[in-house]
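Each chain gets a letter, A, B and so on, in the order the sequences are listed, and its residues count up from 1.
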2 protein chains.
Amino acid sequence: MEHPRRQIVLENPSLGEAGKAVKTGISRHRTVIIAGMCRVDYEGRASSKLEPGERVVLFKPDGSALVHRPKDYSPVNWQPSGSLFRTRVNEDGLVVRVYRRKEHETMEVTFTDVRLVAVLDLVDAGEFSLYASEKDMQEAILYRPELLEEGFRPITKEMPVDPGFIDIIGVDKENRLTVVEIKRVKASKDAVNQLRKYMDVIDLDEGRPVRAILVAPELAKGAEMLLKSYGYEYRQLSPQTCSEALKEKKGKPLTAFFQ
Amino acid sequence: MEHPRRQIVLENPSLGEAGKAVKTGISRHRTVIIAGMCRVDYEGRASSKLEPGERVVLFKPDGSALVHRPKDYSPVNWQPSGSLFRTRVNEDGLVVRVYRRKEHETMEVTFTDVRLVAVLDLVDAGEFSLYASEKDMQEAILYRPELLEEGFRPITKEMPVDPGFIDIIGVDKENRLTVVEIKRVKASKDAVNQLRKYMDVIDLDEGRPVRAILVAPELAKGAEMLLKSYGYEYRQLSPQTCSEALKEKKGKPLTAFFQ
DNA sequence: TAATAAATGTCGTTT
DNA sequence: AAACGACGTTTATTA
């Protein structure tokens, strides 16, 4: 015997019917999808006005809300999780007010015509894994220092200094102190400046020559100039390569490499 | 006589029915919503794996795609606009492959159970206006220089220099050259460093004293220290205040202020 | 809570 | 195409 999950799907409902479904969905912490003609007003850190048009609006059980136009990756208006919803139907239409009290932010969506309402009881405990992040690149170099260069030996990772954290500090085969800054995307001037900030601190602490190496899959034109002017070095390395290297080394604890 | 817009809404369809609807929707450049049990694999700049769970997936006519879990503001997987879709039904389920050839990026969503498919012909030409942006702050100061300080006269806006653009250059009431950097949120060390970069360039060009003013609604602790150490100044100003000032001045062209 | 840096950042603009 | 900076950036991490 089939036992269909409780869900509401209304096609071209009246504003009243739609409002009722939305209220039900929100109070029962369901995922609510509304598609239809609406306008949106936002007031908070900035303020915005979106004139009427047809959009897809998502209200999630965690209090996040998204207004999506029929184009673009990013929502035109939104509220992050933790927001509160209030739904009402008045002479303007079906109005959903989404507000965050602490941040003093409000987004109000007013529907004048609803094409679709769906109230869904979604269950999602699936694990999400991301590979080839900057952290992966860092770990890969710690596990296989030859990815940086032959003879390199890491000493510290995430070394805290005044301006932030130095990704990796180590020594090269000639025992010179080496500061490593990792970028998982094409390195820009900013990356070089970041490295420079670290070098300024290191130079203060130590009186001996220190190498600086910028690790990234690509180097922007301006960044290359700046890097050379500082006498720093560049090592091409992609997050994918690092991710591959990590696969082979899975299981060994990081600490083993700091003995 | 009613003329309902062409749209397809299927509740708990078979994978075959769902696939057919999705293919139709994508080929006709409609907005497609699918809710159901799926897994997602992404491969590109990074790579990721999302184990099965129930999600809402959006495919837009401009080639953008979003996978939303029942929580969080941001999609767990996505592709930006310009992507291409390929839909097929096989032994794994209903598979939608979203790829961008140029960037070598692929996202593949595999549905094993579909709770809802909606194919909508959304029309959205509504204008979007954002107020109290950094641009608004800049314009407000150009229109009403006293927002910065009494006697200030702007000379240039968006002055291109080596590291980027100086928001505003002007002279104060004592005719001293003044460099203005604007931030619409609390200014951090980064903002001070940005200002410093501009000052380095200006100092090269001119041999006379130059003032540097950081405009922002708030100043971070570390930023305040750094600012003082450079001898730069801070002017508190909120985007909201600027937005208000602009309302009163609507209509006058900016160029009128550079005579 | 504040600060800091990463992000599959995205998006717009200009060279 | 590349560079550059803003964004209601958001998100995670750490002091």
Side-chain angles (χ1 to χ4, degrees), chain A residues 42-48 64 71-81 100 102-107 130-138 158 160-167 181-191 194 197 218-225 239-240 243, chain B residues 40 42-48 64 66-67 72-83 98 100 102-107 128 130-138 158 160-167 181-191 194 197 218-223 239-240 243:
Chain A
Y42 155 76
E43 190 79 41
R45 285 164 291 178
S47 57
S48 72
S64 52
K71 62 184 200 64
D72 292 340
Y73 153 83
S74 49
V76 61
N77 281 109
W78 72 91
Q79 286 281 36
S81 64
R100 291 190 293 158
K102 211 174 54 181
E103 286 83 359
H104 267 277
E105 292 209 300
T106 306
M107 176 181 81
L130 180 68
Y131 312 97
S133 62
E134 186 179 296
K135 205 169 187 63
D136 281 350
M137 292 182 74
Q138 192 198 42
E158 299 287 318
V161 291
D162 170 41
F165 292 86
I166 297 177
D167 286 334
E181 171 64 26
I182 303 169
K183 289 293 162 196
R184 68 172 305 287
V185 292
K186 183 189 278 196
S188 65
K189 279 184 189 173
D190 271 355
Q194 202 173 330
K197 277 193 279 185
E218 271 183 286
L219 192 58
K221 197 77 180 184
E224 191 182 347
M225 300 253 305
Q240 285 79 3
S243 195
Chain B
V40 186
Y42 155 74
E43 189 79 43
R45 287 163 290 179
S47 58
S48 72
S64 50
L66 304 156
V67 180
D72 295 339
Y73 153 81
S74 50
V76 61
N77 281 110
W78 72 92
Q79 286 280 32
S81 64
S83 308
V98 184
R100 292 191 293 159
K102 210 175 51 181
E103 287 82 0
H104 260 272
E105 290 209 300
T106 307
M107 176 180 82
F128 178 69
L130 180 68
Y131 310 98
S133 62
E134 185 178 297
K135 206 171 184 63
D136 280 352
M137 293 182 74
Q138 191 197 44
E158 300 285 320
V161 292
D162 171 40
F165 292 85
I166 298 177
D167 286 334
E181 172 63 27
I182 303 168
K183 290 292 163 198
R184 68 171 305 287
V185 293
K186 183 189 278 197
S188 66
K189 279 184 190 173
D190 270 356
Q194 202 174 331
K197 278 192 278 183
E218 270 184 288
L219 192 58
K221 197 77 180 181
Q240 284 79 4
S243 197

**Student:** Quick one: what's the B/S/- string for nucleotides 8-13 of chain C, heavy-atom cutoff under 4.0 Å, read 5' to 3'?
**Tutor:** BSSS--
**Student:** Rounded to the Å, how far apart are B:Asp136 CG and D:dG8 P?
**Tutor:**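 Rounded to the whole Å, the gap is 11 Å.
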**Student:** For B:Ile182 and D:dA6, what is the distance between atoms CD1 and P respectively, to the nearest whole Å?
**Tutor:**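 From B:Ile182 CD1 to D:dA6 P: 10 Å.
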**Student:** For the P atoms, the ones on C:dT8 and on C:dT4, what distance do you get once it is rounded to whole angstrom?
**Tutor:**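 After rounding to an integer number of Å, I get 23 Å for this pair.
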**Student:** What stems involve DNA chain D, if each pair must be Watson-Crick or G-U and both of its distances must be under 3.5 Å, with 3 or more such pairs in a row?
**Tutor:**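 Runs of three or more consecutive pairs: C:1-7 with D:9-15, C:9-15 with D:1-7.
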**Student:** Need to verify one output field. Residue with the more 5' nearest nucleotide on DNA chain C, A:Asp167 or B:Leu219?
**Tutor:**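 Checking each residue's closest nucleotide, the 5'-ward one belongs to B:Leu219.
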**Student:** Can you tell me how far P in D:dG8 sits from the matching atom in D:dC4, rounded to whole Å?
**Tutor:**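 23 Å, rounded to whole Å.
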**Student:** Does B:Gln194 put a side-chain nitrogen or oxygen below 4.0 Å from OP1 or OP2 of D:dC4?
**Tutor:**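 It does not, given that no N or O in the side chain of B:Gln194 lies less than 4.0 Å from OP1 or OP2 of D:dC4.
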**Student:** Using only atom types and a distance under 3.5 Å, with no angle test, would you say the side chain of B:Gln138 pairs donor to acceptor with the backbone of B:Asp167?
**Tutor:**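 Present.
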**Student:** Is the closest side-chain heavy-atom distance between B:Arg100 and B:Pro80 below 4.5 Å?
**Tutor:**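 Yes. Closest side-chain heavy atoms under 4.5 Å.
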**Student:** If you round to the nearest 0.5 Å, how far is OG of A:Ser47 from CE of A:Met107?
**Tutor:**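 It comes to 14.5 Å.
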**Student:** Identify the heavy atoms of A:Asn77 and B:Phe128 that sit nearest to each other, and give their distance.
**Tutor:**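 Taking every non-hydrogen atom into account, OD1-CE1, 3.7 Å.
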**Student:** Once you round it to whole Å, what is the distance between C1' of C:dT1 and CD of B:Glu218?
**Tutor:**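 Between C1' of C:dT1 and CD of B:Glu218: 12 Å.
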**Student:** How close or far is atom C1' of D:dG8 from atom CD of A:Glu43, stated in whole angstroms?
**Tutor:**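 Result: 11 Å.
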**Student:** Identify the pairs formed between an N or O of the protein and an N or O of nucleotides 12-15 of chain D at a distance under 3.5 Å, and give each distance.
**Tutor:**
none

**Student:** Sequence neighbours excluded, which residues qualify as side chain to side chain donor-acceptor pair (under 3.5 Å) partners of A:Ser133?
**Tutor:**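 Not a single residue meets the side chain to side chain donor-acceptor pair (under 3.5 Å) criterion with A:Ser133.
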**Student:** I need the NZ-P distance between A:Lys197 and C:dT4, as an integer number of Å.
**Tutor:**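 Value for this atom pair: 9 Å.
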**Student:** Taking OP1 and OP2 of D:dA3, is either one under 4.0 Å from a side-chain nitrogen or oxygen of A:Lys189?
**Tutor:**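 For D:dA3, neither OP1 nor OP2 has a side-chain N or O of A:Lys189 closer than 4.0 Å.
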**Student:** Side chain of A:Glu134, backbone of A:Pro239: donor and acceptor closer than 3.5 Å?
**Tutor:**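 The answer is no, because no donor-acceptor pair under 3.5 Å joins these two groups.
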**Student:** Applying salt bridge (Lys or Arg N to Asp or Glu O under 4.0 Å), name anything that partners B:Arg45, two or more places apart in sequence or on another chain.
**Tutor:**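 Only B:Glu105 meet the salt bridge (Lys or Arg N to Asp or Glu O under 4.0 Å) criterion with B:Arg45.
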**Student:** Is there side-chain contact between A:Trp78 and A:Ser64, with heavy atoms separated by less than 4.5 Å?
**Tutor:**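 With C-beta onward as the side chain, the pair stays apart.
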**Student:** To check you understand the geometry: which heavy-atom pair defines the closest contact between B:Ser243 and B:Ala132, and what is its length?
**Tutor:**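 Distance-wise, the nearest heavy atoms are OG-N, 3.8 Å.
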**Student:** How about B:Pro75 and B:Val67: do any of their side-chain heavy atoms sit closer than 4.5 Å?
**Tutor:**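 SC-SC contact between B:Pro75 and B:Val67 ruled out.
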**Student:** Rounded to whole angstrom units, what separation is found between the CD atom of B:Glu103 and the P atom of D:dA1?
**Tutor:**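 In whole Å, D:dA1 P and B:Glu103 CD are 9 Å from each other.
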**Student:** Among D:dC7, D:dA3, C:dA3, which nucleotide sits nearest the side chain of A:Ala220?
**Tutor:**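 Output: D:dA3.
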**Student:** Using atom CD of A:Glu181 as one end and atom P of C:dA5 as the other, report the distance to the nearest whole Å.
**Tutor:**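 Distance check: A:Glu181 CD to C:dA5 P gives 9 Å.
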**Student:** Counting N and O atoms only, with roles assigned by atom type, does the side chain of A:Gln194 sit under 3.5 Å from a partner on the main chain of A:Ile166, one being a donor and the other an acceptor?
**Tutor:**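 Absent.
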**Student:** Take atom CD of B:Glu134 and atom P of D:dG8, then tell me their distance rounded to the nearest Å.
**Tutor:**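 Between P of D:dG8 and CD of B:Glu134: 11 Å.
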**Student:** Determine the interatomic distance between C1' on C:dA7 and the same-named atom on C:dC11; round to the nearest Å.
**Tutor:**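 These two C1' atoms come out 14 Å apart once rounded.
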**Student:** Kindly say if B:Lys221 contacts the phosphate of C:dA3, meaning a side-chain N or O under 4.0 Å from OP1 or OP2.
**Tutor:**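 For B:Lys221, the contact criterion (side-chain N or O under 4.0 Å from OP1 or OP2 of C:dA3) is not met.
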**Student:** With sequence neighbours excluded, what pairs up with A:Lys186 under the salt bridge (Lys or Arg N to Asp or Glu O under 4.0 Å) test?
**Tutor:**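 Applying salt bridge (Lys or Arg N to Asp or Glu O under 4.0 Å) to A:Lys186 gives A:Glu218.
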**Student:** Taking the same atom, C1', in C:dA6 and in C:dT10, what whole-Å distance lies between them?
**Tutor:**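 These two C1' atoms come out 14 Å apart once rounded.
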